[in-house]
There are 2 protein chains.
Amino acid sequence: MNYTISEENYIKAIFRLQRAGKTVSTNALALELETKPASITDMLKKLKAKKLVLYSPYQGCRLSSEGSKLALSIVRRHRLWEYFLAEKLQFKWDEVHEVAEELEHVSSKQLIERLDAFLGFPRFDPHGDPIPDSTGKITMPELVKLITLRPCERARVSGLTDQSADMLKLLKQRKINIGTIVTINKKFEFDQSLEIEIPESIPFIISEQTAQNILVQYEPES
Amino acid sequence: MNYTISEENYIKAIFRLQRAGKTVSTNALALELETKPASITDMLKKLKAKKLVLYSPYQGCRLSSEGSKLALSIVRRHRLWEYFLAEKLQFKWDEVHEVAEELEHVSSKQLIERLDAFLGFPRFDPHGDPIPDSTGKITMPELVKLITLRPCERARVSGLTDQSADMLKLLKQRKINIGTIVTINKKFEFDQSLEIEIPESIPFIISEQTAQNILVQYEPES
DNA sequence: AATAATATTTAGATTTGCCTAAAAATAAAA
DNA sequence: TTTTATTTTTAGGCAAATCTAAATATTATT
Ligand SMILES: [Mn+2]
Ligand SMILES: [Mn+2]
Ligand SMILES: [Mn+2]
Ligand SMILES: [Mn+2]
């Protein structure tokens, strides 16, 4: 139930390197963790014994489902602390990572849940990376609908669900293109319409239907 | 310049047990740290090599001046985190210690200075223990003058500097006794007079001279 | 002062996480 | 398909922090 700092760092590194079910090589891990391949092999045996990774000699490794759960919870802690440091302690976005690397290993479950609440359940860290919720769910930022954003959040337009001519005409008139940075000013709960702002224009309103169709990627402050 | 968690815990334990320049015995330390005397001896040799403690075989140990400095800085981190947990994350006063035991080992100097500022430079932790400032200075709570307290702080009257008849008469009239819990409402910078409150009475003003004479001990919230 | 009781240190092991150097397996090239 | 290069594992060791059991020093008691 409780893991060492070293174990947590290995799990995090595997999580970072593991893309689309592919296996992670010993050498890649050694590089990532700035350690020697022999040390990786040693640790992989321990992590396998603890059922955190799937591993057979010479075949590389990947996280088990239990390992993935752990990885998400470490990422959650890391990003919540980064948010805290930037938002409450006035750290710059490039100063938060190092300190969060230490804070993330403080394991009290209660601490993290209360910190999350204190911060207002933020969904993105200062680098724009999504923060997993307490169940480990993570909103992948590539495919978020504009409608899901909240006031003050900024995002980059990166796709459309419905690409009909009418839709494109509307967006052209509003000067919204792929790559346009959009800031949410207000959200009107009555009809879910949004007041938004784009560079070099005055704020304007878009309907719920429009906001449902625009796919964006969250964009950090500066 | 950087110490392990174990080393920090030893230094803290010695600090806690060391009263008035007296030496700390190996057995006492073993008891405090829930470890065996043999382990203590091993570590004392290491700490001596690092010039954190003064130690000669069979004679017990005490902190060097460098060791004391380190101890104070660990205590500072511990108590600032306790304050944060109680004040910002709604932890109860009896829940903070365990979590602070972990947080205190996160060593970023900048983190602690900014946390201190964020919290408004608190001087007492949720148990009423004083928080060392960034230079390691600590206000021992047994002998604080009432005048040094700030608005909203509570304290227990525990002594008098000047015990003249006039002084005692004044205090009797105001119903202030040894043991009375006093809360500071306001401080008037003009003449340093204080508006204070004691149980079952309406608030009233006391002069700077009076407040200079009353010795109090800080009292935590509830 | 001699003996008994207690406290402390040493000797030798263990676990964790890392290392280097050598051996073995796998992948790439001829 | 051999040979060569690369990757990975094994073997053996080291430092930190702990332990148990045995030796030694200190303190207390006759
Ligand atoms: Mn980071
Ligand atoms: Mn980040
Ligand atoms: Mn505490
Ligand atoms: Mn405390």
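Numbered from 1 within each chain, the chains take letters A, B, ... in sequence-line order. All values below come from the heavy atoms of this structure, side chains included, with hydrogens, waters and symmetry mates left out.
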_As a quick check of understanding, evaluate side-chain hydrogen bond (donor to acceptor under 3.5 Å, both in side chains) for D125(B) and H78(B), giving each step before the final call._
CA-CA 9 Å; D125(B) 80 8; H78(B) 181 96; 5.8 Å; no
*Run the numbers on E113(B) and R76(B) for salt bridge (Lys or Arg N to Asp or Glu O under 4.0 Å), then give the verdict.*
CA-CA 10 Å; E113(B) 296 321 307; R76(B) 169 169 164 80; 3.0 Å; yes
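In this structure, Y58(A) atom OH and dT7(D) atom C1' are separated by 8 Å, rounded to whole Å. As rounded to whole Å, 9 Å separates atom P of dT10(C) from atom CG of D42(B). When the P atom of dT9(D) is taken as reference, atom NZ of K48(A) falls 11 Å away, rounded to whole Å. The NZ-P distance, from K50(B) to dA15(D), rounds to 14 Å in whole Å. In this structure, the CD1 atom of I40(B) is 14 Å from the P atom of dT10(C), given to the nearest Å. Atom CG in L44(B) sits about 13 Å away from atom C1' in dA17(D), given to the nearest Å. One can place CD of Q59(A) at 19 Å from P of dA24(C), the figure rounded to the nearest angstrom.
A donor-acceptor pair under 3.5 Å is absent between the side-chain atoms of K175(A) and the main chain of P199(A), judged by distance alone. Side chain of Q18(B) to main chain of L63(B): a donor-acceptor pair is present (N/O by atom type, distance under 3.5 Å, no hydrogens or angles).
Of the options E104(A), E8(A), E102(A), a salt bridge (Lys or Arg N to Asp or Glu O under 4.0 Å) to R77(A) is made by E8(A) and by none of the others. Of the options K50(A), K12(A), K48(A), a salt bridge (Lys or Arg N to Asp or Glu O under 4.0 Å) to E7(A) is made by K50(A) and by none of the others.
Residue P37(A) is classed as a base contact, given a heavy-atom separation below 4.0 Å to a base. Backbone-only contact: S6(B) has heavy atoms under 4.0 Å from sugar-phosphate atoms and none from a base.
Counting only heavy atoms from C-beta outward, the side chains of Y55(A) and T23(A) never approach each other to under 4.5 Å.
Among the nucleotides dT18(D), dA11(D), dT20(D), the one closest to any side-chain atom of A38(B) is dT20(D). Relative to the side chain of K45(A), the nucleotides dT10(C), dT10(D), dT8(D) differ in distance, and dT10(D) lies closest. Across dT26(C), dT18(D), dT9(C), the shortest atom-to-atom separation from the side chain of Y55(B) is found for dT9(C).
Within the 4.0 Å cut-off from OP1 or OP2 of dA16(D), not a single side-chain nitrogen or oxygen of T4(B) is found. Within the 4.0 Å cut-off from OP1 or OP2 of dT9(C), at least one side-chain nitrogen or oxygen of T41(B) is found. For the OP1/OP2 pair of dT18(D) and a distance below 4.0 Å, the side-chain nitrogens and oxygens of Y10(B) include at least one atom meeting the criterion. For dC19(C), one of the phosphate oxygens OP1 or OP2 lies less than 4.0 angstrom from a side-chain nitrogen or oxygen of S39(A). The phosphate of dG17(C) (OP1 or OP2) has a side-chain N or O of K46(A) nearer than 4.0 angstrom.
Scanning residues 27-36 of chain B for heavy-atom distances under 4.0 Å to DNA chain D yields T35(B), K36(B).
Comparing P57(A) and M43(A) along DNA chain C, the residue whose closest nucleotide (by nearest heavy atom) sits nearer the 5' end is M43(A).
Nearest heavy atoms, L111(B) versus V106(B): CD2-CG1, 3.7 Å.
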